[in-house]
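To start, the structure under review is shown below, and the notes come after it.
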Number of protein chains: 2
Amino acid sequence: MGIVRKTRSVDTILELFEDTDHAFSGVSLIERLRDQMNKTTVYRILDRLEDEGIIHSFQDQKGLTWYAKCQSCASGQHTDLHPHFQCRSCGRTSCLHVKITIPLIRNHQIEGAELLMTGLCDQCT
Amino acid sequence: MGIVRKTRSVDTILELFEDTDHAFSGVSLIERLRDQMNKTTVYRILDRLEDEGIIHSFQDQKGLTWYAKCQSCASGQHTDLHPHFQCRSCGRTSCLHVKITIPLIRNHQIEGAELLMTGLCDQCT
DNA sequence: TTGTTATTGCAACCTTGTTGCTTTAATTAA
DNA sequence: TTAATTAAAGCAACAAGGTTGCAATAACAA
């Protein structure tokens, strides 16, 4: 059994992430769930889901935290290396399921990498 | 003539960035320059230097803003696409002067990309 | 040297996120 | 089914990073 109890709040958040590569910012989730749960609860559930390997988080260029569903991560470690895309016009942010090549750097032991691509999505071009 | 007047404060900050690929976080600059200028001044000078294409900024995984010198950027647009590295042990963060390949994404007009690599630097392995 | 304009300092503020503690809800044991 | 246990939620207060408005000062041009 995992650490995360399946409460009403957890279910509500999990439903949002289901079947989509769309990412949600912490702020947008707090706003969206304002009537259903406290912001502390939102952050704590996101933390727990990330610890369990169910979602992952990343930062955008403004320093905001975004969350999206994991495709193939295990509890405790996130192994699904993929880039994220953020549209500068509409702000929509999502996972891109393409392989990326991380350069080897002499004298550096690389453990992780995060690639954020920005531009215009198909809706906004 | 550029927008940025060469004041004592601007000179102090520019000296830090000279001849190094080392990046500085906003927070660390405020701390370091605490006796010489106000934090508002630090942020405003960083903004102006970035507008002029003299430095560039990026975010780390905690959402902190880092600043480093540009190699080949022009006023108003940053064109020097390169990854950044942050050591998880000592926190040192720097520009990596290697070419990176940005994947083409169908239906997306990619305008920028930011790759942050993390791991251990040579001092910390 | 004076007038003009950019820059600085300061205080107050905003946003995002966290912490401590009490209350409530979910699970387990009886 | 109920009681005991433990995780989760709510709330208020706080913290860090960064921004804003405005008055005071410094830089530059005439």
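Proteins get letters first, then strands, A, B, ... in listed order; numbering begins at 1 in each.
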What's the spacing between [X] [atom1] and [Y] [atom2] if we round to 0.5 Å?
X: Ile110(A); Y: Leu104(A); atom1: CD1; atom2: CG; result: 8.0 Å
X: Ser9(A); Y: Leu14(A); atom1: OG; atom2: CG; result: 11.0 Å
X: His84(A); Y: Asp60(A); atom1: NE2; atom2: CG; result: 11.5 Å
X: Arg44(B); Y: Leu49(B); atom1: CZ; atom2: CG; result: 14.0 Å
X: Glu111(A); Y: Ile102(A); atom1: CD; atom2: CD1; result: 13.5 Å

For the rings on Phe24(B) and Phe17(B), is their centre-to-centre separation under 6.0 Å?
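Aromatic pair counts; centres sit under 6.0 Å.
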Can you confirm if the aromatic rings of His56(A) and Tyr67(A) lie within a centre distance of less than 6.0 Å?
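Ring centroids of Tyr67(A) and His56(A) are no less than 6.0 Å from each other.
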[X] has an atom [atom1]; how far is it from atom [atom2] of [N], in whole Å?
X: Lys39(A); N: dA15(D); atom1: NZ; atom2: P; answer: 14 Å
X: Arg34(B); N: dG9(C); atom1: CZ; atom2: P; answer: 15 Å
X: Arg5(A); N: dT24(C); atom1: CZ; atom2: P; answer: 16 Å
X: Lys62(A); N: dG17(C); atom1: NZ; atom2: P; answer: 13 Å
X: Gln61(A); N: dG18(D); atom1: CD; atom2: P; answer: 15 Å
X: Tyr43(A); N: dT18(C); atom1: OH; atom2: C1'; answer: 10 Å
X: Asp47(B); N: dG17(D); atom1: CG; atom2: P; answer: 17 Å
X: Glu52(A); N: dA7(D); atom1: CD; atom2: C1'; answer: 13 Å

To the nearest 10 degrees, the angle between the two end axes of the helix from dT1(C)-dA30(D) to dA30(C)-dT1(D) (five pairs per end) comes to 30°
For the side chain of [X] and the backbone of [Y], is there at least one donor-acceptor N/O pair under 3.5 Å apart?
X: Glu114(A); Y: Met117(B); value: no
X: His108(A); Y: Arg106(A); value: yes
X: Thr93(B); Y: Gly91(B); value: yes

Check each residue of residues 23-33 of chain A for a non-hydrogen atom within less than 4.0 Å of any atom in DNA chain C, then write out the ones that pass by number, or none.
Val27(A)
Does a side-chain N-to-carboxylate-O contact under 4.0 Å join Lys69(B) and Glu18(B)?
no
Every protein N/O lying under 3.5 Å from an N/O of nucleotides 9-11 of chain D:
unit_1  : atom_1 : unit_2   : atom_2 : d
dA9(D)  : OP1    : Thr7(A)  : OG1    : 2.7
dA9(D)  : OP1    : Ser9(A)  : OG     : 3.4
dA9(D)  : OP2    : Arg48(A) : NH2    : 2.6
dG10(D) : OP2    : Asn38(A) : N      : 3.0
dG10(D) : OP2    : Thr41(A) : OG1    : 2.9
dG10(D) : N7     : Arg44(A) : NH2    : 3.4
dG10(D) : O6     : Arg44(A) : NH2    : 2.5
dC11(D) : N4     : Thr40(A) : OG1    : 3.4

